[in-house]
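First the structure, in the form of structure tokens, and then the observations on it.
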Amino acid sequence: MIPGVSYFDYYLLHGITAAQYPKFENVGCFDWLLQKKEQGLVKHVGFSFHDSAELLDRILTEQPEMEFVQLQLNYLDWNSEWIQSRKCYETAVKHGVSVIVMEPVKGGTLANVPEEVEALFQEYDVEKSVSSWAIRFAASLDNVMMVLSGMSNMEQIVDNTGYMENFQPFCLEEEALVYKAADIINAKIAVPCTGCSYCTSGCPKHIAIPQYFSLYNEEMRETAEKQWTANKDSYGRLSRTFGKAGDCIACRRCEGICPQHLPIVEHLKAVAGHFEA
């Protein structure tokens, strides 16, 4: 144990997917974790999860001692067939397992929404920040015990603590509003990457995958309105340090580890076709 620490309140097995689950079982991770709980070193046991509701159902059936699961859950991914936020949440509810929310603002995507969406939110309540809609959506779900929100400055901390201190759950009208916002945002996002960067460490060509996707998304939003953008210049600067999107050899290591299950190779082809033509 860490000096001065006698136990952990919550202990998670990290990032379980279909590819990783057999490995967790083979080396006895779940038994090890339960042993630590029996010894009083851990109070509550669970895991973070990036896969289908079907696999989550299997895991919670085979590992009934798990008390909580950490899920990617936000209004943009709620009805996604890739992320399956709603289906995974409902599976956790079925098993009576509490949910810790990760990616409530989807890597900042739901803090920087299209102007049309921002106007939609402002028209309803001018006092609420854009990101508050995303965090309150997640926090309003009955089985959610905690929402993890990344904050990078004091303004964000003050905002989050402000509307969470005297928390008001979503009403039906607000719920309908974020679903409308999700339809608008999804129609404008070319690559739904959250920027976690899991994909980059094993890339043999050292391609800056999340950065390129971010530039590409920005380019797709801007080119409909502008004849020129700075995104191509930014791509050129990045590609002098990292491999270009066109350098991809389609080894698909990135796709095997992507929590969003994105067809990264195909998206890189689109990025290369746009920026390297």
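Numbers here simply count residues along the sequence, with the first being 1.
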* Asked: Under the side-chain contact (heavy atoms from CB on, under 4.5 Å) criterion, do F170 and L141 qualify, and how do the steps go?
  -> CA-CA 9 Å; F170 261 25; L141 296 163; over 6 Å; no
* NZ or CZ of K43 within 45° of Y7 ring axis and under 6.0 Å ->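 Geometry flag: set, cation within 6.0 Å and 45°.
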[X] [atom1]: over 12 foreign heavy atoms closer than 6.0 Å:
| X | atom1 | answer |
| --- | --- | --- |
| F30 | CZ | yes |
| E54 | CD | no |
| K128 | NZ | yes |
| Q39 | CD | yes |
| Q122 | CD | yes |

Working to the nearest 0.5 Å, report the span between [atom1] of [X] and [atom2] of [Y].
| X | Y | atom1 | atom2 | value |
| --- | --- | --- | --- | --- |
| Y89 | L73 | OH | CG | 8.0 Å |
| I189 | Y216 | CD1 | OH | 13.5 Å |
| M146 | Q70 | CE | CD | 9.5 Å |

* **R86 and E90 ion-paired at < 4.0 Å** =>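 Looking at E90 together with R86, the answer is yes, because their closest N to O distance falls below 4.0 Å.
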* Asked: With a 4.0 Å cut-off, would you call K37 and E65 a salt bridge?
  ->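 The answer is no: the pair does not qualify as a salt bridge.
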I need the minimum non-hydrogen distance between [X] and [Y], along with the two atoms involved.
| X | Y | result |
| --- | --- | --- |
| A245 | V271 | CB-CG1, 3.8 Å |
| Q84 | A53 | OE1-N, 2.8 Å |
| K23 | A19 | CE-O, 4.0 Å |
| P169 | S140 | CA-OG, 3.4 Å |
| L215 | S234 | CD2-CB, 3.7 Å |
| P192 | K106 | O-NZ, 4.0 Å |

Between [X] and [Y], is there a donor-acceptor pair closer than 3.5 Å when you use the side chain of the first and the backbone of the second?
| X | Y | value |
| --- | --- | --- |
| S131 | L110 | no |
| N74 | V105 | no |
| N217 | S214 | no |
| D57 | T91 | no |

* Asked: Is there a side-chain contact between H50 and M102, using heavy atoms and a 4.5 Å cut-off?
  ->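 Touching, per the 4.5 Å side-chain cut-off.
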* Is there a side-chain hydrogen bond (donor to acceptor under 3.5 Å, both in side chains) between W78 and Y179 once you walk through the steps? -> CA-CA 9 Å; W78 187 242; Y179 293 148; 3.3 Å; yes
* Taking I209 as the fixed residue, which of V191, I264, L262 is the one that meets the side chain to side chain contact (heavy atoms under 4.5 Å, CB included) rule? ->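 Filter result, single survivor: I264.
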